[in-house]
Peer 1: 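Here you go, one structure.
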Amino acid sequence: MKLSFSLSFFHFLLLAYLCSVSASSAKSFSAPFPLRFRKNGHFKILQVADMHYANGKTTPCEDVLPNQMATCSDLNTTAFINRLIQAEKPDLIVFTGDNIFGSDTTHAGKSLNFAFAPAVESRVPWAAVLGNHDQESTLSREGLMKHIVSMKHTVAQVNPSEAQVIDGFGNYNVEVGGVEGSRVENKSLLNLYFLDSGDYSTVPSIPGYGWIKASQQFWFQQTSMKLKNTYMKKPEAQKGSAPGLAYFHIPLPEYASFDSTNSTGVNGEHSISSASINSGFFSTMLEAGDVKAVFTGHDHLNDFCGNLSGIQLCYSGGFGYHAYGKAGWDRRARVVLATLEKTKNNGWGAVKSIRTWKRLDNHYLTAIDPQVLWTN
């Protein structure tokens, strides 16, 4: 009976996809691309996890040193983002959920505006997904994503228009085009996937957090296949798939595969707060073959990266000052840098490498744990 139900549901999803009105998303990411590699062949992403923004100056900090408490508020979170934007000059900022802490938020829309203000004011393109606390105020998850999409300079989407049946809100992909004027300027050389990992289980017999559902995985598979086919087509046909990166909030159960001997960074939680069931998304990504790294938040004291079967599973570490943390353990963010390979005649080719490091919110904005996530 279970097998029959699964196959029927899969066929239903397939029919819904094939009967869609349009094969392109509401915000078209075909050429010309809204995001491109720089003239120097670089594309840099700043990940901000778990801001837990509430009401601004009146919101106190959590888990900071006693001498910080009197003057610490949400404004410290804002200041940290501004420092990072100035220091790193990212091409894209990705907010990976729990952007606001709903239960302490008087007005969700206003809190979102304040939380994302540094990105909007800097005019740096930005993307966002939801965590498990965002919807605990005055807006539903759908309402939150609609508000985010209405803001300036965002590349986020509520959901892809080609997927008529999909769970959650904030499932979408963004393509990063080649250097303008290069032979590959009309190719997406880096594919970014954003997914809603949910909040809490809605199945009474399954406790704990949400997970990435079958409908979302089906959309991911179809999108990955479409991008691969386009990448391999003329003009300037490329081999295989362009590398992909995936961003969502709640870590996969596979994150529990790592300890201090096989990862870079720390597991300060001494545990992984994933869903209590494994929905198989890691296997789905393995089968697709293009995702080289996954980036999540949720567990604020975890900031490690580990390689499992060719996919890097990475945390960013807690960013926000109204989020739980550890006094004396600096709030932090993760930076990812993709670099293109040089070709003959000083041109640009496919992605050569993807590297990462973290930045700490201390006096020196210290960079730690540099590592290579993937090389071509």
Side-chain angles (χ1 to χ4, degrees), residues 17 23-25 28-45 91-92 94 127 155 160 162-163 172-195 216-247 254 280-295 305-314 336-356 371-376:
Y17 188 90
S24 61
S25 59
S28 175
F29 294 121
S30 57
F33 297 95
L35 300 178
R36 285 191 177 277
F37 279 82
R38 301 179 196 173
K39 292 291 185 182
N40 63 359
H42 289 175
F43 188 84
K44 185 184 288 186
I45 303 171
D91 301 292
L92 177 69
V94 177
V155 296
E162 73 268 22
Y172 55 102
N173 72 289
V174 177
E175 303 170 32
V176 183
V179 176
E180 190 170 7
S182 70
R183 295 179 64 180
V184 290
E185 67 173 346
N186 292 323
K187 288 286 185 184
S188 175
L189 302 182
L190 181 68
N191 297 318
L192 308 177
Y193 300 99
F194 303 91
L195 296 106
Q216 297 167 280
Q217 296 186 47
F218 180 77
W219 164 78
F220 165 80
Q221 288 173 313
Q222 296 298 309
T223 304
S224 174
M225 188 182 307
K226 179 184 71 176
L227 292 170
K228 180 178 181 179
N229 290 338
T230 302
Y231 190 66
M232 296 175 68
K233 283 182 180 178
K234 295 181 179 180
E236 300 300 325
Q238 305 292 308
K239 295 180 180 179
S241 302
L245 306 176
Y247 288 89
E254 284 81 3
F281 187 49
F282 182 80
S283 297
T284 298
M285 290 188 290
L286 269 184
E287 185 178 313
D290 59 338
V291 172
K292 308 306 178 187
V294 174
F295 303 94
C305 276
N307 187 325
L308 183 62
S309 302
I311 298 179
Q312 297 277 354
L313 301 179
C314 298
V336 171
L337 178 66
T339 303
L340 301 179
E341 63 181 357
K342 273 281 190 181
T343 61
K344 294 179 181 178
N345 302 321
N346 237 14
W348 296 108
V351 175
K352 178 182 179 181
S353 67
I354 300 173
R355 296 185 290 127
T356 188
Q371 64 184 117
V372 177
L373 296 177
W374 178 81
T375 57
N376 188 359

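Positions are given from 1 along the sequence. Keep in mind that the numbers below use all heavy atoms, side chains included, and drop hydrogens, waters and symmetry copies.
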Peer 1: Can you tell me how far apart CG (Leu192) and CG (Leu190) are? Round to the nearest 0.5 Å.
Peer 2: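 The CG atom of Leu190 is 5.0 Å from CG of Leu192, to the nearest 0.5 Å.
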Peer 1: Step through the shown structure and confirm whether more than 12 heavy atoms of other residues, nucleotides or ligands are within 6.0 Å of NZ on Lys342.
Peer 2: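 More than 12 heavy atoms, drawn from other residues, nucleotides or ligands, come within 6.0 Å of this atom.
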Peer 1: For Tyr193, what residues pass the ring-ring contact (aromatic ring centres under 6.0 Å, His included) criterion, not counting sequence neighbours?
Peer 2: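 Partners of Tyr193 by the ring-ring contact (aromatic ring centres under 6.0 Å, His included) criterion, ordered by chain and then number, come out as Phe220.
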Peer 1: Which atom pair, heavy atoms only, marks the closest approach of Ala293 to Leu373?
Peer 2: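 For Ala293 and Leu373, the tightest heavy-atom pair comes out as CB-CD1, 4.3 Å.
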Peer 1: So which heavy atom on Gly240 is nearest to which on Lys228, and how close?
Peer 2: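 Taking every non-hydrogen atom into account, O-CG, 3.8 Å.
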Peer 1: Minimum heavy-atom separation for Phe281 and Leu195, please, with both atom names.
Peer 2: CZ-CD1, 4.0 Å
Peer 1: What distance do Gln217 atom CD and Phe282 atom CZ have between them, rounded to the nearest 0.5 Å?
Peer 2: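 Answer for the CD-CZ pair, Gln217 versus Phe282, is 12.5 Å.
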Peer 1: Can you tell me how far CD of Glu236 sits from CD of Glu185, rounded to the nearest 0.5 angstrom?
Peer 2: 10.0 Å
Peer 1: If only atom types and distance count, is the side chain of Lys44 paired as donor or acceptor with the main-chain N or O of Leu337 below 3.5 Å?
Peer 2: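 Not confirmed, Lys44 side chain does not pair with Leu337 backbone.
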Peer 1: Looking at side-chain heavy atoms only, is the closest gap between Val184 and Leu340 below 4.5 Å?
Peer 2: no
Peer 1: Distance check, rounded to the nearest 0.5 Å: Tyr172 atom OH versus Tyr247 atom OH?
Peer 2: 11.0 Å
Peer 1: Taking Ser283's backbone N and O only, do any of them form a donor-acceptor pair with Glu287's side chain (distance below 3.5 Å, no angle check)?
Peer 2: no
Peer 1: Taking only distance into account, with no hydrogens and no angle test, what donor-acceptor pairs under 3.5 Å do side-chain atoms of residues 347-355 form with protein atoms, sequence neighbours excluded?
Peer 2:
from	atom 1	to	atom 2	distance (Å)
Trp348	NE1	Lys39	O	3.4

Peer 1: Of all the heavy-atom pairs spanning Tyr231 and Lys239, show the shortest one and how long it is.
Peer 2: CE2-O, 3.6 Å
Peer 1: Is there a side chain to side chain contact (heavy atoms under 4.5 Å, CB included) between Asp91 and Phe37 once you walk through the steps?
Peer 2: CA-CA 8 Å; Asp91 301 292; Phe37 279 82; over 6 Å; no
Peer 1: Identify the two heavy atoms, one from Ser182 and one from Val179, that lie closest to each other, and give their separation to 0.1 Å.
Peer 2: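 Looking at all heavy atoms of both residues, the closest pair is OG-O, 2.6 Å.
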Peer 1: Got a second to check how far Thr230's OG1 is from Asn186's CG, nearest 0.5 Å?
Peer 2: 12.0 Å
Peer 1: Show the numbers, then the answer: is there a side-chain hydrogen bond (donor to acceptor under 3.5 Å, both in side chains) between Ser224 and Asp290?
Peer 2: CA-CA 7 Å; Ser224 174; Asp290 59 338; 3.1 Å; yes
Peer 1: Whether the side chain of Arg183 engages the backbone of Pro235 through a donor-acceptor N/O pair (distance < 3.5 Å, no angle test) should be reported.
Peer 2: no
Peer 1: Quick one, Val336 and Val94 - any side-chain contact, counting heavy atoms below 4.5 Å?
Peer 2: no
Peer 1: Can you tell me how far CD of Gln216 sits from OG1 of Thr284, rounded to the nearest 0.5 angstrom?
Peer 2: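 Here the interatomic distance stands at 11.0 Å.
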Peer 1: For side chain to side chain contact (heavy atoms under 4.5 Å, CB included), just list the numbers for Leu227 and Asn173, CA-CA rounded to whole Å, side-chain angles, deciding distance to a tenth of an Å, and then say yes or no.
Peer 2: CA-CA 10 Å; Leu227 292 170; Asn173 72 289; 4.1 Å; yes
Peer 1: Which heavy atom in Ala246 sits nearest to a heavy atom in Met285, and how many Å separate them?
Peer 2: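 Shortest heavy-atom contact: CB-SD, 4.4 Å.
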Peer 1: Would you check, one step at a time, whether the test side chain to side chain contact (heavy atoms under 4.5 Å, CB included) holds for Leu245 with Ile45?
Peer 2: CA-CA 11 Å; Leu245 306 176; Ile45 303 171; 4.0 Å; yes
Peer 1: Residues in side chain to side chain contact (heavy atoms under 4.5 Å, CB included) with Ser188, at least two apart?
Peer 2: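 Here the qualifying residues are Phe33, Glu175, Asn191.
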